[in-house]
Structure formats: structure tokens, C-alpha cells
Q: 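Have a look at this one.
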Amino acid sequence: MKNVGKRFEENFKKSISDEYLLYRLKDSPQAFTQSNLTFFTHKNPCDYFLFDGKRGIFYCLELKTTKDKYMTFEKIELDDTQPRKMIHKHQILSLQEYSIYKNVYPCFVFNFRSEDIGIERTYMQYIGDFMKMYHGLNKSSFNEIDLISYNAVKIKGNKKRVNYYWNLTEFFETNDFNKEK
């Protein structure tokens, strides 16, 4: 049985139209074992690269899902010995690094699952807005209200029997995330 994170990624991938180029970066062996015994492993900057050829926009996407009402993040000011959180320091820094390029939109895709009632709410947030939230909150976690307060955009989705489907074509065509250069 697939874990919920992989199932979310699979449903997200199935929601992408063929008119987009979607590439999943390969996970390192350490990502599967969560072991400190695996040395010299590469940390991926994000989960997916997505290219919208019609508009000439390149997305760097890190997908996160939780059954909790919040998501935690590592502090970028601290060293790598801090306790692991849902969003890792290297993911935040990698997306932030990509934000300097024209027509590149590094974003988080956050999925909140209410498993007891079978509803999912999914948002996309540009890394610049995430960083404003990161510095604006006096905590190391955020909830949906925090996301909405910091310009995360809800992605329309619906459940088809068991799995979710998101209308990502409409979403990408109507959202530019007001990227600041």
C-alpha cells in the first residue's frame, strides 16, 4: 500500500495536462531509509519541475501533505542538527535560490487532509510569500489561515471515488503569484 505522500504526488501528477512538461526528481536512497548511515546523498531542491510552454513559465514544486491542522518547518537560521520537521531547511533555501531567475516560479503545494470526512484542501504558495510568512509568524508551524493570510492560492479539486483530481490547467493559466523581481 502506498503511503499518503506518494498517493498525493501520484494524484497531483495525474491532474497535470499533457500540454505541460512535468519531471519528478529522483529521490536519493537516504530519502527512503531516513538513515544517517547513507553517506554522500544528494538532497533534491524540490519534488517536481513543471514547464508551461504556452506561457514560458518554469515551476519548481515541493509537495507536502498532512492530516494535521498545521505543517511544521525547520528554521533556516539553525544548523542541520535541529529536529526534523515536515518542511526541511534545504527545501526552503533551494526554492528561495531559484526565485532569482526570470520566469521561474518556485512554489510549495500544501495539501491538508481531513481523513475522517474525506475532504482535502490544497494550496500553492510562491516561495516569496512563504518567506514573508516564515518571518512574520512567531512560531515554527503554520495552518491554513496563516497560508491564506500570506497569499497562498487554493487549487480547486474534487474527489473522484477514492482519489482527488485538481484542475491544474485552469489554476496555472489564471495565477501568476505576483512574483516580485
Q: Inspect the contact between E144 and R121 and indicate whether a charged nitrogen and a carboxylate oxygen are less than 4.0 angstrom apart.
A: yes
Q: Output all residues satisfying side-chain hydrogen bond (donor to acceptor under 3.5 Å, both in side chains) with E170, sequence neighbours left out; order by chain, then residue number.
A: K156, N167
Q: Before accepting this row, confirm whether a basic side-chain N of the pair K64/E62 lies closer than 4.0 Å to the acidic partner's carboxylate O.
A: yes
Q: Hey, can you tell me if W166 and F12 have their rings parallel, tilted or perpendicular (30° and 60° cut-offs)?
A: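 The rings of W166 and F12 sit tilted, inter-plane angle from 30° to 60°.
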Q: Is any side-chain N of the basic residue among E173 and R55 closer than 4.0 Å to the acidic one's carboxylate O?
A: no
Q: Can E10 and K14 be counted as an ion pair, charged N to O under 4.0 angstrom?
A: yes
Q: Heavy-atom count check: over 12 atoms from other residues, nucleotides or ligands less than 6.0 Å from Y165 OH?
A: yes
Q: Evaluate the ring planes of F73 and F142, with Trp represented by its six-membered ring, and classify them as parallel (under 30°), tilted (30 to 60°) or perpendicular (over 60°).
A: parallel
Q: May I have all residue pairs that pass salt bridge (charged side-chain N to carboxylate O under 4.0 Å, His left out) and include part of residues 85-94, sequence neighbours excluded?
A: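 Output for this query lists D80-K89.
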Q: For atom NZ of K69, is the number of surrounding heavy atoms from other residues, nucleotides or ligands below 6.0 Å larger than 12?
A: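 No.
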Q: So for atom CG, which belongs to D18, do other residues, nucleotides or ligands contribute more than 12 heavy atoms lying within a distance under 6.0 Å?
A: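 Check fails, neighbour count at 12 or below.
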Q: Measure from the ring center of Y59 to the ring center of Y20 and say whether it is less than 6.0 Å.
A: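 When the ring centroids of Y59 and Y20 are compared, they turn out to be at least 6.0 Å apart.
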